[in-house]
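Input: a single structure, listed below in structure tokens.
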Amino acid sequence: MEEARQDNARQAALDYHEFPKPGKLEIRATKPLANGRDLSRAYSPGVAEACLEIKADPATASRYTARGNLVAVVSNGTAVLGLGNIGALASKPVMEGKAVLFKKFANIDCFDIELNEPDPVKLAEIVCALEPTFGAINLEDIKAPDCFIVEKLCREKMNIPVFHDDQHGTAIVVGAAATNALHVAGKRFDEIKIVSTGGGAAGIACLNMLLKLGVKRENVWLCDIHGLVYEGREIDMNPQKAAYAQASDKRTLDEVIDGADMFLGLSGPGVLKPEMVARMAARPIIFALANPTPEILPDAVRDVAPDAIIATGRSDFPNQVNNVLCFPFIFRGALDVGATQINDAMQLACIEGIAALARATTSAEAAAAYRGEKLAFGPDYLIPKPFDPRLIGVVASAVAKAAMETGVATRPLSDLDAYRTKLNGSVFKSALLMRPVFEAARQTARRIIFAEGEDERVLRAANAILEETTERPILIGRPEVIAMRCERAGLPIRPDRDFEIVNPESDARYRDYWGSYHELMARRGVTPDLARAILRTNTTAIGAIAVHRGDADSLICGTFGQYLWHLNYIEQVLGRDGLSPHGALSLMIMEDGPLFIADTQVNPVPTPEQIAQTALGAVRHARRFGVTPKVALCSHSNFGNLDTDSGRRMRAAMEILDAEPRNFAYEGEMSLDAALDPELRARMLPNARIEGAANILVFGYSDAANAARNMLRMKAGGLEVGPILMGMGNKAHIVTPSITPRGLLNISALAGTPVAQYG
């Protein structure tokens, strides 16, 4: 059975690489090439202008070419992962994978270059000759000591960053993990004894980094396959190992492990024995980083040292030392300031950034990627997870700052805060657009009540609300369940201390709440018994009554269940004093800007009056985001060319809008392509009222609006903010079951700010 499982896994991995097209990378054009005019600019004769500009000023290459965002991953395949010297060609899947990680985590373009050149000097010459093509070089999987030679020669001759990730990337992540491990253990770098196994590139680089962090050279004991590296040893020595030679008559790992505070393993399986761990110092730090099998398994460590702090190189154990925490972001910061090298200060800044993130509250996105793990700082969470989206903003900006302070930045940044915000926006697509909404939310103190307060997504959103706004959320749910789920999720928040609880089982306000509901619904068939039952079990009704009574300002519900079911109770309780649901608005954040879509949920076949109301509401919300509204009333018909139902309703809605002066641009009825393609629209109606692509699309059927929303979300990479319930005075919003914690945070910020009354 195990053999069959391994065969299946092997075939799945091969299929992943082969289908739907071979490999993991492709090259895409970033400029149009649709006609002769495009061709004349992309190539001859137009390309000559860019060539001449670069000849006159080489620094302009980053303006007119992709060089400023292009990294080479270079290997000769002599030390690939756990595979050894498999050759350049066989290393290509690994290098392609590295390029994918650059793109995924830091939006850096990458060429993988595999070279059939075992001689380190000749290899360095080839790499140096590549300088005109790339903004930086990432050396990868080159055996020791050749890697030291290649990197040294390249650094000396090249005026762009050269970074050997197997050395420095590993060292940076180990440095961050060690920083936090000592924090947990209550120890200091300048006091600890370190015993290390593995004299290769990564092992030496890690020791060098630990010295920079304060470890004393005399407290480092390096062992390799031949035993202790000692003064006078001749077998398998090089200058890098010799720098750690001890004047000692001890010869084995077993002899030097006594009293060690930290074991650093970058060697092979089973090297560290449990009886050795037992003789280490109290609260030992064990970094067993050999892959796929570590020097000792965590369970074996805990059998003899239950209080040990353990890290491995594997993703199925806590504290995975993974280079992806470092290399995408250190390159991002270096490229963005045009750094000529990646120096010690930049590497130390990277370490501090990574370490500080782990000590902060875990992000909802990281928690979603690692569901089931407790991500709270401590012995089992020393470093962030690779999918923590805060890494790019924190680490890259710290690296950029260090590059500028040490004088290696050729394109210094004028505003680091703006740069960090831009980086965050590249990960949270909503971040930049949501910024004015969050700024407004910080200036108010609205009380937001969540109907599904026991949902982990709601708990993570509540934690983020407390961090990013002045609001104190209210959660409907059982306190003991909420506390247990906060603990399980590694969240520091707790019921009543950090947020208010409405407990359906025992809240003192229960009688007042069902009484209020019965008073509202007594002549709509709701008896006192039914009111009691609803207010004991229906959290949406409870939340709506809380808003009605003034115990909360806005309700958020809908993380499970059908939209119109929730809307029924909201309308029953809050649909009075001129408030009624006009429509649901979804903001889709696309690569080329925001797009608002309505009505996605409320009115299946809206009347002309409802269409006009929806358009007016969408305009008000668009302006909350600083977007200049351009409304398109969408139909199968284009400007009266078809006598269809939606066309007639859209034309009637236009008449309603035309009846009063409006301070926004709108046009219709028109097809979706005419709304988004100004050239097509101009051919149909040269004097159209809007210019450029519309950014608010109002549909004649909720089915059409919802289909457009889902297509953009699922197939075009759009990020949804909403749905935003219009017409209810910001007293309630209904999300959908696919909502994420970040989506809940966004909608709570919207609920926490007033809507300006734009006409």
Side-chain angles (χ1 to χ4, degrees), residues 430 434 437 440-441 446-452 458 461 471 473-474 476 538-548 552-588 596-604 606-607 609-625 696-699 702 705-706 709-710 713 720-739 743-758:
S430 63
M434 288 295 297
V437 176
R446 286 174 60 84
R447 296 160 298 168
I448 311 300
I449 187 167
F450 289 87
E452 296 94 20
V458 171
E471 298 157 14
I474 305 167
I476 301 174
N538 187 324
T539 58
T540 298
I542 294 170
I545 288 293
V547 174
H548 169 71
D553 297 308
S554 189
L555 164 68
I556 296 175
C557 60
T559 59
F560 60 83
Q562 208 280 330
Y563 191 98
L564 294 178
W565 183 90
H566 292 279
L567 182 62
N568 176 52
Y569 290 98
I570 288 171
E571 193 170 11
Q572 286 178 1
V573 175
L574 300 175
R576 54 197 72 246
D577 300 326
L579 298 180
S580 64
H582 298 336
L585 177 69
S586 287
L587 164 57
M588 307 305 298
F596 295 85
I597 299 175
D599 165 19
T600 58
Q601 303 285 352
V602 175
N603 300 301
T607 65
E609 291 76 13
Q610 289 170 334
I611 291 169
Q613 284 181 328
T614 295
L616 293 171
V619 165
R620 287 194 293 271
H621 283 285
R623 286 177 167 154
R624 298 176 75 181
F625 296 93
I696 298 176
L697 307 177
V698 180
F699 288 84
S702 65
N706 206 26
R709 158 193 171 258
N710 280 320
R713 184 171 63 90
E720 182 182 17
V721 178
I724 302 165
L725 181 57
M726 300 184 292
M728 294 303 297
N730 213 19
K731 289 189 174 183
H733 293 286
I734 307 168
V735 299
T736 60
S738 62
I739 195 78
L744 285 166
L745 174 62
N746 286 338
I747 201 72
S748 70
L750 289 167
T753 56
V755 182
Q757 296 300 309
Y758 296 102

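These values consider heavy atoms only, across backbone and side chains, with no hydrogens, waters or symmetry-generated copies. Predicted model, so just to flag it, every value in this text is computed and none were measured.
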Could you go step by step and tell me if Ile448 and Ile474 meet the side chain to side chain contact (heavy atoms under 4.5 Å, CB included) rule?
-> CA-CA 6 Å; Ile448 311 300; Ile474 305 167; over 6 Å; no
Just by modelled atom types, is the [Y] backbone N or O under 3.5 Å from a matching donor or acceptor in the [X] side chain?
X	Y	answer
Asn603	His582	yes
Arg447	Ser554	no
Asp553	Arg446	no
Asp599	Ile611	no
His733	Leu725	yes
Gln610	Thr607	yes

State, to 0.1 Å, how close [X] and [Y] come at their nearest heavy-atom pair, and which atoms those are.
X	Y	value
Leu574	His548	CD2-N, 3.8 Å
Ala546	Ile449	CB-CD1, 3.8 Å
Met728	Gly575	CE-N, 3.9 Å
Leu579	Lys731	CD1-CD, 3.9 Å
Ala622	Ile696	CB-CD1, 3.9 Å

Within the 4.5 Å heavy-atom criterion, are [X] and [Y] side-chain neighbours or not?
X	Y	value
Pro723	Thr736	yes
Asn538	Trp565	yes
Ile734	Leu567	yes
Leu697	Phe596	no
Cys557	Ile570	yes

Roughly how far, to the nearest 0.5 Å, is [atom2] of [Y] from [atom1] of [X]?
X	Y	atom1	atom2	result
Leu616	Met726	CG	CE	9.5 Å
Ile747	Leu750	CD1	CG	5.0 Å
Thr600	Leu585	OG1	CG	7.5 Å
Asn730	Arg620	CG	CZ	11.0 Å
Asn706	Tyr563	CG	OH	10.5 Å
Ile739	Leu745	CD1	CG	10.0 Å

May I ask you to check whether His566 and Thr540 show a side-chain donor-acceptor distance below 3.5 Å?
-> yes
Might you work through the side chain to side chain contact (heavy atoms under 4.5 Å, CB included) test for Phe450 and Ser748, ending with a clear yes or no?
-> CA-CA 9 Å; Phe450 289 87; Ser748 70; 4.1 Å; yes
Residue of the set Val735, Thr559, Leu744 for which side chain to side chain contact (heavy atoms under 4.5 Å, CB included) holds with Glu452 | Thr559
Would you sort out whether Ser586 and Val721 count as a side chain to side chain contact (heavy atoms under 4.5 Å, CB included), showing the intermediate values?
-> CA-CA 6 Å; Ser586 287; Val721 178; over 6 Å; no
